[in-house]
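Just below is one structure, and these are the notes that go with it.
A, B, ... follow the sequence lines: proteins, then strands. Residue 1 opens every chain. Fair warning: this is a prediction, and the values are worked out from it, not measured in the lab.
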Amino acid sequence: MQEKYQASDIEHAAQSDWNAAQTFGVSEASDKPKYYCLSMLPYPSGKLHMGHVRNYTIGDVLSRHYRMRGFNVLQPMGWDAFGLPAENAAMQNNVPPAKWTYDNIAYMKQQLQSLGFALDWKRELATCDPDYYRWNQWFFLRMLEKGIAYKKTQIVNWDPVDQTVLANEQVIEGRGWRTGALVEKRELPGYYLAITQYADELLSSLDDLPGWPERVKTMQANWIGKSTGVRFAFPYDLPAGASANTAVGADVESRLSKAEPLLRREAVLHETPASPPSQSGKLWVYTTRADTIMGVTFCAVAAEHPLATYAAKTSPELAAFIDECKRGSVMEADMATMEKKGMPTGLTVTHPLSGEQIDVWVGNYVLMSYGDGAVMGVPAHDERDFAFAKKYNLPIKQVVAIEGESFSLDGWQDWYGDKQRGHCINSGKYDGMDYAAAVAAIADDLKSLNLGEAKVHFRLRDWGVSRQRYWGCPIPLIHCEACGTVPVPDDQLPVLLPQDCVPDGSGNPLNKREDFVNCVCPKCGKPARRETDTMDTFVDSSWYYARYCAPGAKTMVDARTNYWMPVDQYIGGIEHAILHLLYSRFWTKVMRDCGLVNYAEPFKNLLTQGMVLNHIFSRRNEKGGIEYFAPDEVEIKHDDGGRIVSVTAKSDGLAVNYDGVGTMSKSKRNGVDPQSLIDQYGADTARFFMMFAAPPEQTLEWSDTGVEGGFRFLRRVWAMGHSIHTAGVAMNVPTKLPEGLAASRREVHLLLRQANYDLGKFQFNTVASAAMKMLNALEKMPAGDGRAAVMTECFGILIRVLSPITPHIAHVLWHELGYGDDVLNATWPEPLEAALAQDEEELVLQINGKLRGAIKVKVGADKSAIEQIALASEVTQKYLDGQTAKKVIVVPGRLVNIVV
RNA sequence: GCCACGGUGGAGAAAUCGGUAAACUCAGCAGACUUAAAAUCUGCCGGCCACCAGGCCUUGCGGGUUCAAGUCCCGCCCGUGGUACCA
């Protein structure tokens with residue numbers, strides 16, 4: 001055995017042992033219980049960053065731990081290989097996204113292997129591989145048949161200079177990131193998946209996930225946003241002589257509220273039919289505050305609303321305002337924080353209950369894609385409406401009062417929006433009713449007028465899956481002049497994505513690929529055009545976990561999927577708490593309803609890793625676009641307090657903005673490559689430090705201060721192994737040990753108990769601490785009869801506790817010291833009762849809640865015995881000073897508190 | 001803006017059910033070993049007061065509940081994640 005700790009030798013030796021024995025290849029043929037441990041698959045951005053190391057080490061620690069606990073453990077890996085960064089890299093380097101992606105995969109795979117993760121590489125997949133994405137296409141067609149997939153208008157960010165659709169990430173302060181041009185909203189047809197059909201189940205089955213963090217379930221529930229309210233209409237008649245072919249009126253309700261399934265069974269896709277013109281109609285709105293309906297003083301519609309379009313035909317000012325509304329990004333955060341503006345349409349609608357005429361405004365804060373694209377305005381009881389009414393001098397009518405509160409038009413007060421405590425006033429027959437009674441009565445009245453009814457509403461919107469991009473899974477549809485939109489027949493799948501396009505930033509290059517676009521209609525055989533939109537990459541990651549279970553299957557999934565699924569432990573960043581996890585849950589439920597799988601939820605237990613953060617540096621370029629600098633490309637000056645005062649680029653010495661800390665990402669160029677850490681200290685140190693730095697769920701600002709400490713620890717572990725090896729191992733700890741030895745042994749077993757408890761809580765930082773404390777105890781082990789046996793026993797515990805975190809050193813030490821063949825086949829250690837036993841214990845002594853001393857009592861002593869010892873103690877006597885204690889609180893095993 | 005989470009020494013952090021605040025580690029300081037350096041080992045290491053014994057204060061800020069609060073409740077401030085086309 002080597003005397004010095006040589007990480008690279010040890011790691012190569014361990015990894016070649018694992019490769020030779022195919023240690024981590026698993027199958028369904030096992031009599032052990034299965035354990036499917038899955039980490040979220042990485043986007044192949046080029047190099048691993050610290051967030052990956054953290055994520056995959058957590059998964060590996062769990063996998064190895066469960067394996068030693070006797071489970072048949074599957075831990076696969078793959079690549080989320082489609083997506084935007086590949087197109088950006090292509091533009092920058094003139095390399096096709098395919099080549100860039102596969103090169104990155106090769107490099108990152110080698111990095112993952114060098115970290116020694118216990119992965120079954122036979123199951124590796126890349127989502128850009130046709131063998132994978134053909135099943136996206138196949139399943140999309142099944143969704144069409146079920147009426148889940150459909151087509152409707154979507155609103156996207158449009159860069160007028162590059163003439164291209166921008167992702168939200170590419171819009172910075174309302175401008176295109178490359179061109180600096182003001183972004184516009186543009187309407188395009190797109191494909192949607194009706195996730196709202198599953199809204200109720202997605203919400204209620206959160207209760208079937210006790211192994212999920214409460215915070216994630218809360219976020220999902222809020223996102224789905226089930227509310228009960230009233231959907232009702234303001235009837236109207238348009239002035240005579242209005243344009244006869246304007247699409248307003250009765251159709252507004254059907255076009256906006258009911259998604260049109262594009263395909264039922266064999267039927268051919270049909271577009272949304274042109275709406276018949278109509279002079280009278282209903283303006284539909286939804287509200288959770290129907291009790292305030294008598295306080296409506298205006299209505300507001302979205303800029304894209306048919307009534308707005310209609311009114312704009314005769315009003316250039318309104319047309320200009322609607323144009324202005326269409327500027328800016330489509331992001332919710334922007335919409336919510338922008339200045340609320342409006343303009344009257346000149347149209348009025350009729351209040352359904354009072355018959356009053358109500359002005360219709362266009363509001364820039366009303367979203368066409370949410371509900372019916374219109375809202376009622378009750379300024380007295382909605383903060384946003386209040387501000388809007390004050391700004392435009394609209395009437396404010398109080399219709400809810402609370403005892404002891406006085407209403408004033410001067411400013412908003414929180415109680416105006418309170419629905420718990422109030423009762424209706426100024427509301428005619430509803431006066432005096434509380435919230436629930438008023439809503440029920442008003443819903444009834446609206447229903448009898450045929451102008452509305454109580455309705456359950458979800459905040460959740462259908463999932464738009466169309467992307468006007470090249471590097472993604474082609475949507476398997478064909479557009480034929482005669483037959484309309486026709487699905488690609490199953491036997492013609494997959495629709496292959498050409499591998500050699502290089503995007504140039506101006507739209508989807510597929511549009512220019514005649515060999516891709518030109519095809520024949522599967523129905524009539526005439527020349528037709530292929531759909532060039534590709535799928536959202538969240539489609540790819542919505543079911544990959546099921547495919548890992550069935551590598552090489554000639555179907556989407558097979559029986560092996562039902563063996564391994566659901567995932568027993570899913571691990572990934574908290575940033576996926578809503579979208580990815582919700583889409584995967586939805587996809588699973590549709591697969592179940594198609595009879596493909598027999599489970600309803602994909603992830604039984606979820607561990608959400610905190611983000612690894614690093615500093616972000618950026619600069620505006622001449623065009624007004626934005627450019628990011630990596631932390632090692634800038635020079636930073638700090639003040640005395642350590643605050644950053646100035647940053648300059650090393651390249652040109654000019655100033656750079658400091659944008660604070662944020663999650664490590666390719667686009668912000670603030671990722672830290674773990675490679676130098678691995679090269680300098682080895683994989684075990686990198687893994688150990690990552691686990692030791694903080695608990696997994698916690699956000700972690702990156703700093704490599706302290707890596708050295710992990711390395712020193714492993715070197716001491718190795719030295720301890722070497723000295724035990726030299727001194728000779730000894731079995732069988734004697735039943736009678738000298739006091740000092742027994743105490744040290746007890747300490748190690750206590751630490752083991754702590755480590756096992758912490759492993760159950762995924763608190764790996766304190767498991768690493770416990771291992772360090774064990775080594776400290778071993779190094780201080782006193783002399784005495786049986787020392788060699790105690791050392792052997794305790795070091796064996798330490799190696800096994802360490803093995804999931806630092807598997808290489810554990811593998812070699814276990815074998816070298818002759819504990820057994822492979823530490824992975826060893827049984828997980830449990831503390832021994834005999835080692836833990838003690839006669840006396842120390843309790844804390846408090847006087848008036850303050851620490852004043854300690855007392856020794858027999859283990860298991862009853863409360864009154866402890867109380868007597870405490871009262872008799874010198875410290876107590878001193879503080880009592882002759883008086884009697886007012887109260888004595890005894891917490892067995894912990895403390896005694898005496899109240900004087 | 002809205003939803004969720006977090007804030008403890010110079011730094012990363014620990015404190016399991018409301019019960020000893022700061023375990024373990026880094027950085028720093030002092031010492032041992034050494035011709036020297038590195039490595040290693042030993043001790044100290046929140047603040048104030050005190051000769052000592054010890055005392056007082058301290059978990060972002062302000063209140064509250066309790067024998068006892070980092071932990072529970074109320075109100076703020078700051079940071080991070082998400083906000084539906086980054087993944």
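If you check B:rC56, B:rA21, B:rG12 against the side chain of A:R852, the one that comes closest is B:rC56.
Applying the 90° criterion around 0 to the glycosidic angle, B:rG9 comes out syn. B:rC17 shows a glycosidic angle within 90° of 0 and is accordingly assigned syn.
Between B:rU20 and B:rA11, the two C1' atoms lie 25 Å apart (nearest whole Å). For the C1' atoms, the distance from B:rC26 to B:rG75 is 38 Å, rounded to whole Å. Between B:rA50 and B:rU34, the two P atoms lie 42 Å apart (nearest whole Å). Nucleotides B:rA37 and B:rG54 have their P atoms positioned 39 Å apart, rounded to a whole Å. Between B:rG46 and B:rG10, the two C1' atoms lie 10 Å apart (nearest whole Å). The gap from the P atom of B:rA15 to that of B:rU71 amounts to 15 Å, rounded to the nearest Å.
For the ring-ring contact (aromatic ring centres under 6.0 Å, His included) test with A:Y132, the passing option among A:W79, A:W543, A:F82 is A:W543; the others fail.
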Assign a letter to each nucleotide of nucleotides 64-83 of chain B from its 5' end: B, base within under 4.0 Å of a protein heavy atom; S, sugar-phosphate only; -, no contact. ---B------------SBSB
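Taking the ring axis of A:F388 as reference, the NZ or CZ atom of A:K340 does not stay both within 45° of it and closer than 6.0 Å to the ring centre.
A salt bridge links A:R459 with A:E332: at least one charged nitrogen is closer than 4.0 Å to a carboxylate oxygen. A salt bridge links A:E339 with A:K391: the distance from a Lys NZ or Arg NE/NH1/NH2 to an Asp or Glu carboxylate oxygen falls below 4.0 Å. Under the 4.0 Å criterion applied to side-chain N and carboxylate O atoms, A:R669 and A:E627 are not assigned as salt-bridge partners. Between A:R469 and A:E87 there is no salt bridge, since no side-chain N of the basic residue sits under 4.0 Å from a carboxylate O of the acidic one. Taking the charged nitrogens against the carboxylate oxygens, A:D162 and A:R178 do have a contact shorter than 4.0 Å, which makes a salt bridge.
For A:L802 and B:rC24, the CG to C1' distance is 14 Å, given to the nearest whole Å. Distance A:F689 CZ to B:rC24 P: 18 Å, rounded to the nearest Å. Whole-Å rounding puts the A:F692 CZ to B:rA27 P distance at 12 Å.
At a threshold of 4.0 angstrom between heavy atoms, the contacts of A:R467 include nucleobase atoms, whether or not backbone atoms are also involved.
Under the Watson-Crick or G-U wobble criterion, with both distances below 3.5 Å, B:rC85 is left unpaired in every strand shown.
Within the 4.0 Å cut-off from OP1 or OP2 of B:rG12, not a single side-chain nitrogen or oxygen of A:N765 is found. Proximity of A:Q763 to the phosphate of B:rA15: a side-chain N or O atom is located under 4.0 Å from OP1 or OP2. At the phosphate of B:rA87, OP1 or OP2 sits under 4.0 Å from a side-chain N or O atom of A:T537. OP1 or OP2 of B:rC57 has at least one side-chain nitrogen or oxygen of A:K850 nearer than 4.0 Å.
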With the criterion being N/O to N/O and under 3.5 Å, what pairs connect the protein with nucleotides 39-41 of chain B, and how long is each?
unit_1	atom_1	unit_2	atom_2	d
B:rA39	O3'	A:R715	NH2	3.2
B:rU40	OP1	A:R715	NH2	2.7

